[in-house]
Colleague: 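Before anything else, here's the structure in question.
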Amino acid sequence: MSIKSIAAKIFARKIYKQTLRWAEKPVETQQKVFKSLIENAQNTEFGKDHHFNQIKTFEDFQKQVPVRDYEDLKPYVEKVVKGEADILWKGKPLYFAKTSGTTSGAKFIPLTKESMPYHIEAARNAILHYINETGNADFVDGKMIFLQGSPILTEKYGIKFGRLSGIVAHFVPKYLQKNRMPSWETNCIEDWETKVDAIVDETIKEDMSVISGIPSWVQMYFERLQQKSGGKKISEIFKNFNLFIYGGVNYEPYRAKFEQMIGKKVDSIELFPASEGFFAYQDSQKEKGMLLLLNSGIFYEFIKADEFFNENPKVYTIGEVEVGVNYVFIISTNAGLWRYNIGDTVQFTSLAPYRVIVSGRIKHYISAFGEHVIANEVENAMKDAVNSTNIVINEFTVAPQITPASGLPYHEWLIEFEKEPENMEAFAETIDNSMRKQNIYYDDLITGNVLRKVVITKVSKNGFQDYMKSQGKLGGQNKIPRLSNDRNIADNLTK
C-alpha cells in the first residue's frame with residue numbers, strides 16, 4: 001500500500017466524520033444555510049426588490065419570492081452578463097456556466113466564489129466516502145480520466161464563460177494533476193468524435209483505474225477502445241480499472257452493456273451535479289440513493305410533482321418530506337438563484353440521512369392521455385425487462401403515438417439494441433406489465449382500451465449518436481431525454 005493510498009484513507013475518515021455532523025442535524029443545517037443566504041443578499045438588487053430585510057422565516061420568504069424558472073429570472077441574469085454587480089448575489093460571479101435551454105436558447109448560470117468550492121468538494125467527497133466505506137484506495141495510484149467538455153473559457157466584463165465541466169477542469173487539485181487524463185491539449189478539442197479518438201490514443205497504454213463521465217459518452221469511449229485494441233475487453237486493456245463514476249442519467253439501462261464491454265463488474269459512484277449546484281452524491285455502496293448535500297450553500301424546497309401546476313401548491317422544507325413521493329426540486333443558492341426550479345424531480349429513499357434518487361424532469365414526462373408517466377418508471381420497466389432476458393441495449397427513449405395509422409394509440413419505445421431479445425413480443429409484454437404495476441393511470445388506460453400495449457421500435461446502430469450529432473449535441477454534458485410528451489425526438493429517430 002502506497003503512502004498516497006494510506007493518506008487517502010486517513011483523509012476519507014476525517015471527511016466522513018465531518019459529514020455526519022451536519023447530516024445528523026438536517027433541519028438545523030438548512031436553517032443556517034437559509035439565514036446566511038438572506039443576510040448575504042439583502043443589499044443586492046434582487047434582495048431589495050423582494051424585501052429581504054423583512055424576511056425572518058421560511059413563510060416570509062415564500063410569500064415575497066415566487067418560484068421561478070430561467071425565463072423568469074432572465075432579466076436579472078442579463079444585467080449580470082452585462083457586467084453589473086450586486087444584482088443576484090454580492091459582487092460579480094466568477095463564472096457563467098453556459099447550458100442548453102429548451103425554450104430560452106443558451107442559459108447562463110452564475111458561479112460565485114462562495115458556490116464554486118462546493119462543486120469541487122462534493123466530487124472529491126464522493127470518492128472519499130467510497131474509500132472510507134470500502135477500504136479501497138489503491139486506485140489513487142493509477143490514472144484517472146474525466147470525460148468532459150473543453151476547458152477553454154471566454155471572458156467578458158471580468159467574468160469567464162464556459163461549460164461547467166470545462167470550468168471545473170481548472171480546479172483539479174494538484175495531487176491529482178499527475179494522475180489525471182486526458183492531457184490539457186486533448187481536453188481542449190471541441191469536436192467530440194475527434195476528441196474521443198485522441199483520448200483513446202492517449203490512454204490505451206496507460207494504467208487507468210478510475211473512469212468518469214455520462215454513461216452514454218463513456219460507452220462511446222469504450223467502443224473506440226475496443227476497436228483500437230482489436231476487440232479486447234476494457235478490463236484486459238486496463239487491468240486495474242475498478243471504479244466508474246457517473247452522473248447525468250441513470251446507469252441501470254447501461255449496466256449490462258458496460259459489464260459486457262468491461263468483462264467484469266466494477267464499483268460505481270453516482271453523482272448529482274448541475275450548473276446550478278452540486279446537489280448529492282452516492283455516499284454508500286450498500287444503500288439506495290445519493291446523500292443530499294444540506295450544508296453546501298443551497299436551501300432546498302420541494303413541491304409534489306402531481307400538484308406542481310396547481311395555482312398554489314403546498315411547499316415543503318427538508319423536515320416535511322416523505323419517502324417515495326415525487327417532488328419538484330426548488331433551490332436558492334449562494335450563486336444568486338432564488339426559489340429556482342431546475343426542472344428535476346427527486347424521490348427520497350431515506351430520511352436518516354436524507355438520500356434521493358433523480359426520478360426525472362418535470363418537463364420530461366408522458367401524459368398525452370393523463371397517464372403522468374415519469375422517467376423513473378420507464379427506467380425501472382426497462383431494468384425489469386433487461387433483467388428477465390439476456391439482451392443488451394445501448395440507448396432508448398419513449399414517446400406517445402397519438403395518431404397511429406391503425407389501431408389504438410400507444411407508447412412507443414425506441415431502442416437501440418446491442419443484443420436483441422429472442423422474443424420481442426415477450427420483451428414488450430414485460431415492459432408493459434412493469435409500467436402497469438408502477439403507474440395506476442397507465443394501467444387504467446390499458447384496461448379501458450384507451451391505449452394498447454407498448455410498441456417497440458428498433459433504432460439502427462449509432463442512431464442516437466447520429467441524432468445528437470445532427471442537433472449539435474454530441475458528447476460533453478448532453479444527454480437524450482428518457483421520455484417526452486411529443487414526437488420531436490421519436491420522429492427524427494424513425495426517419
Side-chain angles (χ1 to χ4, degrees), residues 95-102 105-109 111 143-156 160-172 177 180-206 208 210-230 234 237-238 244-249 254 257-258 261 273-275 394-395 397 416 418 459-481 488-489 492-493 495:
Y95 302 93
F96 268 112
K98 185 179 179 181
T99 70
S100 300
T102 52
K107 298 194 296 184
F108 298 96
I109 306 300
L111 297 164
K143 297 286 187 177
M144 305 179 186
I145 189 169
F146 300 88
L147 295 176
Q148 55 190 196
S150 170
I152 295 175
L153 307 177
T154 59
E155 186 170 332
K156 193 174 182 181
K160 293 178 180 179
F161 292 69
R163 298 285 181 181
L164 176 64
S165 61
I167 293 169
V168 169
H170 291 261
F171 289 83
V172 176
Q177 291 287 6
R180 189 175 185 275
M181 299 196 78
S183 66
W184 187 267
E185 292 73 23
T186 295
N187 216 14
C188 289
I189 297 173
E190 293 287 349
D191 179 75
W192 184 252
E193 291 184 286
T194 304
K195 183 173 184 170
V196 171
D197 287 336
I199 291 172
V200 168
D201 290 340
E202 278 192 2
T203 59
I204 195 165
K205 295 185 182 300
E206 296 288 347
M208 305 303 302
V210 178
I211 296 173
S212 176
I214 292 175
S216 50
W217 306 126
V218 174
Q219 178 178 309
M220 184 177 177
Y221 167 58
F222 283 171
E223 288 170 346
R224 299 287 175 94
L225 278 167
Q226 290 187 311
Q227 290 169 10
K228 183 90 172 178
S229 67
I234 302 304
I237 302 170
F238 305 138
F244 174 49
I245 304 173
Y246 68 94
V249 297
Y254 302 91
K257 168 73 172 177
F258 268 58
M261 289 191 293
S275 300
N394 289 333
E395 187 61 274
T397 192
E416 182 182 326
E418 180 73 19
V459 176
S460 60
K461 178 71 174 176
N462 297 324
F464 283 93
Q465 286 185 18
D466 292 341
Y467 166 73
M468 292 297 276
K469 189 174 182 179
S470 74
Q471 301 298 305
K473 293 184 176 182
L474 186 67
Q477 301 299 110
N478 300 306
K479 44 195 178 285
I480 286 277
N488 291 338
I489 297 173
N492 271 284
L493 286 168
K495 280 179 181 177

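The first residue in the sequence is number 1, and the count goes up from there.
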Colleague: Can you see which heavy atom on Gly162 is nearest to which on Leu153, and at what distance?
Modeller: CA-CD2, 3.7 Å
Colleague: Can you tell me how far the CD atom of Gln471 sits from the CG atom of Asp466, to the nearest 0.5 Å?
Modeller: 11.5 Å
Colleague: Checking Glu416 now: which residues fulfil salt bridge (Lys or Arg N to Asp or Glu O under 4.0 Å) with it, not counting sequence neighbours?
Modeller: none
Colleague: About how many Å separate OH of Tyr95 and CD of Glu155, when rounded to the nearest 0.5 Å?
Modeller: 9.5 Å
Colleague: Which residues pass the side-chain hydrogen bond (donor to acceptor under 3.5 Å, both in side chains) test with Asp191, not counting sequence neighbours?
Modeller: Thr194
Colleague: Please find the pair of heavy atoms, one from Ala169 and one from Trp184, that lie closest to each other, and give the distance.
Modeller: O-CZ3, 4.1 Å
Colleague: Would you check if Gln219 and Gln465 make a side-chain contact, meaning some heavy-atom pair closer than 4.5 Å?
Modeller: no
Colleague: Should the ring pair Phe258 and Tyr254 be called parallel, tilted or perpendicular, given that the plane angle runs from 0 to 90° and is split at 30 and 60?
Modeller: perpendicular
Colleague: With Asp201, which residues qualify under salt bridge (Lys or Arg N to Asp or Glu O under 4.0 Å), at least two apart?
Modeller: Lys228
Colleague: Nearest 0.5 Å, what's the CE-CG distance between Met220 and Asn462?
Modeller: 8.0 Å
Colleague: Please report the interatomic distance CG(Leu225) to OG1(Thr203), rounded to the nearest 0.5 Å.
Modeller: 5.0 Å
Colleague: Mind checking side chain to side chain contact (heavy atoms under 4.5 Å, CB included) for Asp197 and listing every partner two or more places apart, or none if nothing turns up?
Modeller: Arg224
Colleague: If we only count heavy atoms from C-beta on, is the Lys469 to Glu193 side-chain gap below 4.5 Å?
Modeller: yes
Colleague: Kindly write out the residues that satisfy side chain to side chain contact (heavy atoms under 4.5 Å, CB included) with Val168, not counting sequence neighbours, or none if the list is empty.
Modeller: Met116, Ile120, Leu164
Colleague: Looking at residues at least two apart in the chain, or sitting in another chain, which of them share a side-chain hydrogen bond (donor to acceptor under 3.5 Å, both in side chains) with Tyr467?
Modeller: none
Colleague: In sequence, state the C-alpha distance, the side-chain angles, and the governing distance for Val459 and Asn394, and then conclude on side-chain contact (heavy atoms from CB on, under 4.5 Å).
Modeller: CA-CA 10 Å; Val459 176; Asn394 289 333; over 6 Å; no
Colleague: Is there a side-chain contact between Phe244 and Val218 (heavy atoms, below 4.5 Å)?
Modeller: yes
Colleague: If every non-hydrogen atom of Leu147 is compared with every non-hydrogen atom of Ile199, which pair is closest and at what distance?
Modeller: CD2-CD1, 3.6 Å
Colleague: Got a sec, which residues hit side-chain hydrogen bond (donor to acceptor under 3.5 Å, both in side chains) with Glu190, two or more places apart in sequence or on another chain?
Modeller: Ser150
Colleague: Using the test ring pair (Phe, Tyr, Trp, His ring centres under 6.0 Å), find all partners of Phe238 that sit at least two apart in sequence or belong to another chain.
Modeller: none
Colleague: Looking only at heavy atoms, which two atoms of Leu111 and Ser275 are closest? And how far apart?
Modeller: CD2-O, 3.6 Å
Colleague: Going by the rule salt bridge (Lys or Arg N to Asp or Glu O under 4.0 Å), which residues pair with Lys143 if we only count those two or more places apart in sequence or in a different chain?
Modeller: none
Colleague: Does some side-chain heavy atom of Trp192 sit less than 4.5 Å from a side-chain heavy atom of Met468?
Modeller: no
Colleague: For Thr397, check side chain to side chain contact (heavy atoms under 4.5 Å, CB included) against everything at least two apart and list the hits.
Modeller: Leu414, Phe464, Ile480, Ile489, Leu493
Colleague: Would you please name every residue forming a salt bridge (Lys or Arg N to Asp or Glu O under 4.0 Å) with Lys156, sequence neighbours left out?
Modeller: none
Colleague: Check side-chain hydrogen bond (donor to acceptor under 3.5 Å, both in side chains) between Thr186 and all other residues, then give those that pass, not counting sequence neighbours.
Modeller: Ser183, Glu202
Colleague: Roughly how far, to the nearest 0.5 Å, is the CZ atom of Phe222 from the CD1 atom of Ile237?
Modeller: 9.0 Å
Colleague: Determine whether Lys160 and Ile167 make a side-chain contact, defined as any pair of heavy atoms from C-beta on separated by less than 4.5 Å.
Modeller: no
Colleague: Could you tell me if the side chain of Lys195 sits less than 4.5 Å from the side chain of Asn187, heavy atoms only?
Modeller: yes
Colleague: Can you see which heavy atom on Arg163 is nearest to which on Lys98, and at what distance?
Modeller: NH1-O, 3.1 Å
Colleague: Look up atom CD1 in Ile189 and atom CD1 in Ile152, then write down how far apart they are to the nearest 0.5 Å.
Modeller: 9.5 Å
